[in-house]
Amino acid sequence: MTHTPLTFLKRAVRPAARPASPGGVLVVMCAGYFLVLLDVTIVNVALPAIGAQRGTDVDGLQWVVTVTPWRSPP
């Protein structure tokens, strides 16, 4: 039996057997948002120490606050 690329594609994009529950999706989204919020809170508490250590002004500290949620985790 010959398999064409189309048959492999149909198998690859077949929908899931059961859709994700809305409650589970909400829990995952809330957990992710909580972690970002926690990270930003930690950075805001540490801002005075970061500013003193780096010798930067408010503009430099604003970059720290802006970039922190978008950086990749260590």
Side-chain angles (χ1 to χ4, degrees):
M1 182 169 161
T2 304
H3 294 287
T4 64
L6 185 59
T7 58
F8 285 119
L9 182 62
K10 285 180 182 176
R11 289 184 193 164
V13 294
R14 185 174 296 152
R18 67 179 182 100
S21 70
V25 173
L26 181 63
V27 167
V28 170
M29 294 293 291
C30 287
Y33 180 71
F34 173 74
L35 291 175
V36 170
L37 186 64
L38 181 66
D39 189 33
V40 170
T41 302
I42 291 170
V43 169
N44 281 333
V45 169
L47 276 178
I50 293 171
Q53 183 181 15
R54 302 284 184 205
T56 186
D57 57 352
V58 175
D59 292 332
L61 292 176
Q62 181 61 44
W63 276 104
V64 172
V65 172
T66 303
V67 172
T68 297
W70 302 110
R71 67 175 169 73
S72 60

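Residues that satisfy the side chain to side chain contact (heavy atoms under 4.5 Å, CB included) test with L35, not counting sequence neighbours, are absent from this structure. Evaluation of the side chain to side chain contact (heavy atoms under 4.5 Å, CB included) rule for V25 yields A20, M29 as partners, not counting sequence neighbours.
Taken from CG in L47 to CD in Q62, the straight-line distance is 9.0 Å, to the nearest 0.5 Å.
Looking at D57, its side chain does come within 3.5 Å of a backbone N or O of G60 through a donor-acceptor pair.
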task: Tell me, with the steps shown, if L61 and V65 meet side-chain contact (heavy atoms from CB on, under 4.5 Å).
output: CA-CA 6 Å; L61 292 176; V65 172; 5.7 Å; no
